[in-house]
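Everything below concerns the one structure shown next.
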Amino acid sequence: QVQLVESGGGLVQAGGSLRLSCAASGPTFSNYVMGWFRQAPGKEREFVAGISRSIRVTNYANSVKGRFTVSRDNAKNTVYLQMNSLKPEDTAVYFCAARRSLGVLTKDFAYDYWGQGTQVTVSS
């Protein structure tokens with residue numbers, strides 16, 4: 001089992017940047033596909049970005065393509081989400097998730113482990 005802890009959220013003005021981190025426990029981090037999801041008040045949780053175990057494959061929601069970059073450091077058991085050109089509509093709680101099986105999938109039910117989330121607020 002893997003435990004996930006997100007950090008790096010906060011309040012930022014529109015156009016600004018934040019980098020989220022997700023630290024994973026356990027020696028087998030490189031065996032997991034990692035994903036980032038977000039949930040805004042009153043809305044369903046949605047896929048943001050994901051990265052394969054080998055780092056060769058990434059996937060992004062259309063709403064964040066060109067602005068967000070997902071990366072991982074398997075030696076540090078950490079996955080990152082670099083968020084640039086932030087917009088007020090990016091305001092949400094951001095979660096990282098781990099998936100045991102192959103495939104950078106976009107459905108939250110495909111992921112097995114979840115962090116507690118970190119709040120990102122973008123002011124206009």
Listed by chain and number, what are the side chain to side chain donor-acceptor pair (under 3.5 Å) partners of Ser17, not counting sequence neighbours? Asn84
Using the test ring pair (Phe, Tyr, Trp, His ring centres under 6.0 Å), find all partners of Tyr80 that sit at least two apart in sequence or belong to another chain. none
Just to verify, what does Ser54 make a side chain to side chain donor-acceptor pair (under 3.5 Å) with, not counting sequence neighbours? Ser52
Salt bridge (Lys or Arg N to Asp or Glu O under 4.0 Å) pairs, two or more places apart, involving residues 8-30: none
Sort and list the pairs that fulfil salt bridge (Lys or Arg N to Asp or Glu O under 4.0 Å) and have at least one residue in residues 112-124, not counting sequence neighbours. Arg100-Asp112
What pairs with Lys43 under side chain to side chain donor-acceptor pair (under 3.5 Å), at least two apart in sequence or on another chain? none
Do other residues, nucleotides or ligands put more than 12 heavy atoms under 6.0 Å from Gln116 CD? no
ILVMFWY cluster membership beyond Tyr111 - transitive side-chain contacts under 4.5 angstrom: Val33, Phe37, Phe47, Val57, Val93, Phe95, Val104, Trp114
With sequence neighbours left out, write down each residue that passes side chain to side chain donor-acceptor pair (under 3.5 Å) with Gln119, or none if nothing qualifies. Thr121
Using atom types as modelled, flag every donor-acceptor pair under 3.5 Å from a side chain in residues 20-29 to any protein atom, sequence neighbours excluded.
residue, atom, partner, partner atom, Å
Ser25, OG, Gln3, N, 2.9

Contacts of type side-chain contact (heavy atoms from CB on, under 4.5 Å), residue Asp90, not counting sequence neighbours: Arg38, Arg67, Phe68, Leu86, Lys87, Tyr94, Val122
Would you mind reporting whether Leu4 and Met34 have side-chain heavy atoms less than 4.5 Å apart? yes
Residues in ring pair (Phe, Tyr, Trp, His ring centres under 6.0 Å) with Tyr60, at least two apart? none
Enumerate the salt bridge (Lys or Arg N to Asp or Glu O under 4.0 Å) contacts for residues 70-80, please, sequence neighbours excluded, ordered by first and then second residue. none
